[in-house]
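Here the structure is laid out as structure tokens; the discussion comes afterwards.
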Amino acid sequence: MKKDIKLPSIDQCPVDDIVFIEGKGNYSIVFLKNKKQITIAKTLKKFESQLRMNPFLRAHKSYLVNRENISGKNFEGTNTLTTILGNEIPISRRKLDLVKKHFA
């Protein structure tokens, strides 16, 4: 299991500091606990394969979420996860059963 990941402007970023990663085409925005956002030219799929042994969950085609940094979940109506930063992460219909299983 990988403990650190290399990000631009940060040599070794602890994986636990990543709250979620948002995919935007060939770029990804990494949201950290210290409210810093880092844009990197790497697809979400590459991050997913790099972090597969860590507590990350693909809740939507555009979001990879650290399960340990989720403060709330809503499976009724809106189907969202709330991060410790207060961001609402949508859960896609296809991923809903998988996400429910991880938080059951």
Side-chain angles (χ1 to χ4, degrees):
M1 185 156 67
K2 210 167 193 178
K3 297 282 183 200
D4 295 324
I5 190 167
K6 189 171 180 166
L7 294 175
S9 76
I10 303 174
D11 266 346
Q12 296 298 319
C13 176
V15 171
D16 297 338
D17 285 355
I18 299 172
V19 178
F20 70 98
I21 304 170
E22 181 180 1
K24 300 258 187 190
N26 288 332
Y27 292 88
S28 296
I29 304 169
V30 180
F31 290 81
L32 302 174
K33 281 183 181 176
N34 62 5
K35 298 186 178 168
K36 221 174 162 184
Q37 296 177 18
I38 299 171
T39 303
I40 186 168
K42 187 188 275 191
T43 62
L44 205 55
K45 187 172 182 127
K46 288 193 181 189
F47 271 113
E48 188 175 22
S49 66
Q50 192 175 9
L51 298 169
R52 71 182 173 279
M53 299 303 288
N54 290 290
F56 281 84
L57 176 67
R58 187 82 175 254
H60 187 276
K61 73 174 190 166
S62 299
Y63 293 95
L64 187 62
V65 184
N66 187 340
R67 293 188 311 244
E68 294 175 356
N69 292 322
I70 297 298
S71 62
K73 47 201 171 288
N74 181 358
F75 298 131
E76 304 298 321
T78 59
N79 292 334
T80 57
L81 296 172
T82 306
T83 68
I84 58 172
L85 299 176
N87 303 83
E88 294 280 323
I89 307 295
I91 305 169
S92 67
R93 284 179 283 150
R94 290 183 178 190
K95 304 282 186 178
L96 185 58
D97 289 337
L98 175 73
V99 172
K100 280 183 178 179
K101 189 173 84 174
H102 279 285
F103 288 104

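Because the structure is predicted, anything quoted here is derived from the model rather than measured.
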Set of residues satisfying side chain to side chain donor-acceptor pair (under 3.5 Å) with respect to Lys24, sequence neighbours excluded: Glu22
Pair Ile70-Phe20, side-chain contact (heavy atoms from CB on, under 4.5 Å): steps then yes or no: CA-CA 9 Å; Ile70 297 298; Phe20 70 98; over 6 Å; no
Value rounded to 0.5 Å, distance of CZ in Phe103 from CG in Leu57: 6.0 Å
Transitive ILVMFWY side-chain link Ile18 to Ile84, under 4.5 Å: no
Side-chain (Ser71) to main-chain (Thr83) donor-acceptor, under 3.5 angstrom: yes
Check: Thr43 and Lys46 side chains under 4.5 Å, non-hydrogen atoms: yes
For Arg67, all residues meeting side chain to side chain donor-acceptor pair (under 3.5 Å), sequence neighbours excluded: His102
Gap between atom CG of Leu7 and atom OG1 of Thr39 - 0.5 Å precision: 11.0 Å
Closest contact, heavy atoms only, Val15 versus Asn66: O-ND2, 3.6 Å
Heavy-atom side-chain contact between Leu85 and Lys35 under 4.5 Å: yes
Co-membership, hydrophobic cluster, residues Phe31 and Ile38, 4.5 Å side-chain: no
Face-on cation placement of Lys42 at Tyr27 ring, 6.0 Å and 45° thresholds: no
Gap separating the OG1 atom of Thr78 from the CD atom of Glu88, nearest 0.5 angstrom: 6.5 Å
Value rounded to 0.5 Å, distance of CG in Leu44 from NE2 in His60: 11.0 Å
Transitive ILVMFWY side-chain link Tyr63 to Val99, under 4.5 Å: yes
Same cluster (ILVMFWY, side-chain, under 4.5 Å), Ile89 and Ile91: yes
Arg58 side chain to Lys61 backbone, donor-acceptor under 3.5 Å: yes
hydrophobic_cluster_shared for Val65 and Ile29, side chain cutoff 4.5 Å: yes
Heavy-atom pair with the smallest gap, counting every atom of Lys33 and Asn69: CE-OD1, 3.2 Å
Counterpart residues, ring-ring contact (aromatic ring centres under 6.0 Å, His included), relative to Phe56 (two or more places apart): none
Within-4.5 Å side-chain heavy-atom neighbours: Val30 and Phe47: yes
Distance in Å, Leu51 CG paired with Ile21 CD1, rounded so as to fall on 0.5 Å steps: 5.5 Å
Exceeds 12 heavy-atom contacts within 6.0 angstrom, atom CG of Asn26: no
Derivation of the side-chain contact (heavy atoms from CB on, under 4.5 Å) call for Asn74 and Glu76: CA-CA 6 Å; Asn74 181 358; Glu76 304 298 321; 3.8 Å; yes
Leu32 backbone acceptor or donor facing Asp17 side chain under 3.5 Å: no
Side chain proximity check, Ile5 to Gln50, heavy atoms < 4.5 angstrom: yes
